[in-house]
K.L.:
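Quick one: this structure, given as structure tokens, is what I'll be asking you about.
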2 protein chains.
Amino acid sequence: MRMGKGVEWAIHTLLNLAVVGGGPVGSVRLADAHGLPAAYLNKQLQQLVKAGLLASTPGPRGGFGLTRPLEEITLLDVVQAIEGDTQLFPCAEIRCQGKIGELAPAPTGACAVKAAMARADRAWREALAGQSLAEIRTELDRTPVFGNIVRSVLG
Amino acid sequence: MRMGKGVEWAIHTLLNLAVVGGGPVGSVRLADAHGLPAAYLNKQLQQLVKAGLLASTPGPRGGFGLTRPLEEITLLDVVQAIEGDTQLFPCAEIRCQGKIGELAPAPTGACAVKAAMARADRAWREALAGQSLAEIRTELDRTPVFGNIVRSVLG
DNA sequence: GGCTTACTACTCGGATACTGCTTGTCCGAGTTCAGGGGG
DNA sequence: CCCCCTGAACTCGGACAAGCAGTATCCGAGTAGTAAGCC
């Protein structure tokens, strides 16, 4: 159980877009920056567009651009955009199946297992929502050369 | 990104084994209790044996039995036994690849993205480790008939 | 009658197919820009 | 000289394959219990 690589790609791409600022950047250039397959990265970026994190402009000089500053983008936003907002624990309600399910009365409350897992799930999501991409960029800016390199590659 | 069904199966099976107490129970009977494919449940239970949560005894009258009380089994134990202890976020270090990777100096510290994701991961694991199966069983015992049904099915 | 022994039935355990999702690739619709022709 | 039009190049967007992990199944190794045979 692990999330797809698209999440890592999306985060780094969002950070790069913020560093370069300015107008939209095409998916090919964004992919070359980290040696990623361009067409597949494009697919992931479309997910970010659907989620409202990016805006896409077609045609020459087109590409993808941020719709809001990094301060307003949390890790949870990115993860949900790429992976969807499904729970980590897929409760199939097997407590209501099989011999036990047939004999037991219809359950009144929610499944205790499901509830416990949901608590952990919530802790994870809150930890993700508590960290914005802006904070991560601050960490990256500890290496001052970084900004120049990104701008030289994507500019 | 969601964990396999085996986790739900394992948790309910562990709870059932605790309720019935006594000697080992075969995988077929455990599977019938919730209408699960017996052979595949067997595969998952083997994972629990490897993790030390269950003990298996072969031959007739054999089966699986708990090795310690529910108080000493956390949700994290079960999840790690079934899913492995890999991180949710698979950092491929793409920051060191592509044009940016070639131009940037060798990174000194850990990846900021990886670190942020690891924090959320830790929050999730701590939430899982903070809940034992005994607490869940307490919830289930709110329905007093439950114990009798489990014993009648597995006895 | 008691003990030994062979047999049967039942269990786990690992090796073997199948399915669905993640990953990866390709081509078409749409738009901007450039260049040529006409007014 | 300025405007319009046509064409081309480049972009996103969704449709189309490949690979792999999760899912499901089956058969063999091993053991407890049983029943028959022997002392």
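Just so you know, these numbers come straight off a predicted model, no measurement behind them. As a basis for the values below, the full set of heavy atoms in this structure was taken, side chains included, without hydrogen atoms, waters or symmetry mates. Per chain, numbering begins at 1; letters A, B, ... match sequence-line order.
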K.L.:
Take the protein atom CD of Q44(A) and the nucleotide atom P of dG14(D), then report the distance between them rounded to whole Å.
P.N.:
14 Å
K.L.:
Any sub-3.5 Å donor-acceptor pair from Q131(A)'s side-chain atoms to A116(B)'s backbone N or O?
P.N.:
yes
K.L.:
Just the rounded figure in Å: distance from P of dA24(D) to NZ of K43(B).
P.N.:
12 Å
K.L.:
Classify the nucleic acid contact of G6(A) as base, sugar-phosphate or nothing, counting any heavy atom under 4.0 Å across all strands shown.
P.N.:
nothing
K.L.:
Can you find a side-chain donor-acceptor pair between T13(B) and N16(B) that sits under 3.5 Å?
P.N.:
no
K.L.:
Does the side chain of I136(A) come within less than 4.5 Å of L75(A)'s, by heavy atoms?
P.N.:
yes
K.L.:
Nearest to the side chain of P60(A), heavy atoms from C-beta on, is which of dG33(D), dA24(D), dG30(C)?
P.N.:
dG30(C)
K.L.:
Enumerate the residues from residues 46-57 of chain A whose closest heavy atom to DNA chain D is under 4.0 Å, giving them by residue number; use none for an empty result.
P.N.:
Q46(A), S56(A), T57(A)
K.L.:
Name every residue in residues 27-42 of chain B that has at least one heavy atom under 4.0 Å from any atom of DNA chain D, in order of residue number, or write none if there are no such residues.
P.N.:
P37(B), A39(B), Y40(B)
K.L.:
Can you confirm whether more than 12 heavy atoms, excluding those of R61(A), are under 6.0 Å from its CZ atom?
P.N.:
no
K.L.:
Hey, what do you get for CD1 (I82(B)) to CG (D77(B)), rounding to the nearest 0.5 Å?
P.N.:
11.5 Å
K.L.:
Identify whether any heavy atom of M3(A) sits under 4.0 Å from a base atom; if not, whether one sits that close to sugar-phosphate; answer base, sugar-phosphate or nothing.
P.N.:
nothing
K.L.:
Output yes when at least one side-chain N/O atom of K5(B) is less than 4.0 Å from OP1 or OP2 of dA24(D), else no.
P.N.:
yes
